[in-house]
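Whatever order the structure lists ligands and atoms in, that order sets their numbers, starting from 1. Because the structure is predicted, anything quoted here is derived from the model rather than measured.
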Amino acid sequence: MAVFTAVTLDDLTLLLKKFPLGNAINIKGISSGIENSNFFIDTERGEYVLTIFENLSFAQLPFYLQLMRHLADRGVLVPAPVPDEAGELVVPLHGKPAAIVSKLEGGSQMAPQPVHCAAVGAMQAKMHLAGRDFALQQPNLRGLDWWNDTTPLVLPFLDEHNAHLLRAEMHFQSAFAACDHYHRLGRGPIHADLFRNNVMFVGERLTGFFDFYFAGCDTWLFDVAVTVNDWCIDVATGVLDAARVRALVDAYHAVRPFTADEQAAWQPMLRAAALRFWLSRLYDLYVPREAEMLTPHDPTHFERILRERIATPAPGLIA
Ligand SMILES: Nc1ncnc2c1ncn2[C@@H]1O[C@H](COP(=O)(O)OP(=O)(O)O)[C@@H](O)[C@H]1O
Ligand SMILES: N[C@@H](CCOP(=O)(O)O)C(=O)O
C-alpha cells in the first residue's frame, strides 16, 4: 500500500469548505500508486480523486495541473482539476500540496488488444497537438540529465554484466541526444509515463489518460516510445507484438503524421524509453524513500526490454 500521508473524513470535511463540491461523504485510500497519496472521495456533487503530492513542490505543480486543465478544455480525455473558491488548483493539506480532480470512468486494460492500442495512439497524438499552445514550460525531470545523475548512484549495486549494459547505453544515448535529427524532433508537453495502468477504458472505449505527474516538455517521439514499450509487448519477454505496434503507431500517424526525422530516431528512442524506466526502477529499489509501505517495480523487466530493443529492430513507425 502506498498511502504516505493519512487523510481522515474530518480532514476532508475541512478541506471541502474551500471547494464548490458540497459536503464530504466518504474517503478511501488507493493502494496501487507508488509516487503520491491518492484517495477516492465522495462528495454531495459526485466522485473525485484527491492527491497529496509526496515529492513534487508547490512551485512545480501548476505545470501538471494547468496542463491537465488545458488538455481537458481541448477535448483530450484527462481528469479535470477542480479549482477552489479562490481559483487555486493546488492547495495545502497536512503541509503538502494537494489537488482534487474528476474521477475517470472505467478501469485499466491490462491485456490490451490492437483496438485498445489504436485508441491510445490516436488520443496520444491528439494530446500532443493540443499541447502545442500550452504556455508553461518544464523539462522532463526524468530526462537525460536525471539519467546522468542517477547512473552513478545505482551502478555500485549492479553486477558487471548489467553495469556494462548501463554504461554502454548511457554512452549510446548521449551520442543520440547530440545528433542532428534528434534536435529536429517535434517537442512539447508529453505525459512521459503512459503505461497501461495510467489509462482508463470502459470496454474498448478509452475514457482518459491520468497520472500526469511525470509530464514535462520533451520529444513527442519519446512519449510514443514509452507507450509502445508498455502497451505493445509480451510482458514476460518484452518482445514487441507487431499487430499492437502497428495499431498504435498507425492510429497516431493518422492524427499527427510522423516526420522523416522521427522515423530515423525510432529505434534509438525505444532504447531510450527502456533505459529511462530501467534506471528509475533501479533507483526506487536501491535508493528507497520512506513510506508506510512501498513495493518497488521490478527493474529486470526493463533490463530485458532494453536488451531486446538493442538486439531486435522494432516494426517501423510507418507501414
Ligand atoms: N482521475 C482518476 N480517476 C479514476 N481513478 C484514478 C484517478 N486518478 C487515480 N486513480 C486511481 O488511483 C490509482 C493510483 O493513481 P496513480 O496516479 O497511478 O498513483 P501514483 O502517482 O501514486 O503512482 C490508479 O491506478 C487509479 O485506479
Ligand atoms: N510507470 C513507472 C512507474 C510510475 O508508476 P505510476 O504508478 O505512477 O505509473 C514504472 O512502471 O516503472
Mode of Thr51 contact toward ligand 1 - side chain, backbone, both, neither (heavy atoms, under 4.0 Å) = neither
Does Leu104 approach ligand 1 within less than 4.0 angstrom via side chain, backbone, both or neither, non-hydrogen atoms only?
-> both
Between Tyr182 and Phe176, what is the ring plane arrangement, given parallel below 30°, perpendicular above 60°, and tilted in between?
-> perpendicular
Determine the interplanar angle of the Tyr213 and Tyr64 rings, folded into 0 to 90°, and report it as parallel if under 30°, tilted if 30 to 60°, perpendicular if over 60°.
->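 The arrangement is perpendicular - the two ring planes meet at more than 60°.
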Identify the protein heavy atom lying closest to [atom], giving its residue, its atom name and the separation to 0.1 Å.
| atom | result |
| --- | --- |
| atom 8 (O) of ligand 2 | Asp211 OD2, 2.6 Å |
| atom 7 (O) of ligand 2 | Asn197 ND2, 3.3 Å |
| atom 12 (O) of ligand 2 | Arg281 NE, 2.8 Å |
| atom 2 (C) of ligand 2 | Asp193 OD1, 3.5 Å |

Show which atoms of ligand 1 fall inside a sub-4.0 Å distance from at least one heavy-atom site of Val101.
->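 Close to Val101: 1 (N).
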Find all atoms of ligand 1 within a distance of less than 4.0 Å from any non-hydrogen atom belonging to Lys103, and give their numbers and elements.
-> 3 (N), 4 (C)
Aromatic ring centroids of Tyr48 and Phe40 under 6.0 Å?
-> no
Ligand 2 versus Phe214, non-hydrogen atoms closer than 4.0 Å: side chain, backbone, both, neither?
->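 Side chain only.
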Answer side chain, backbone, both or neither: which part of Asn198 comes under 4.0 Å from ligand 2, heavy atoms only.
->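 Within the 4.0 Å criterion, Asn198 contacts ligand 2 through side-chain atoms alone.
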Taking side chain as C-beta onward, heavy atoms only, is Phe258 less than 4.5 Å from Val249?
-> yes
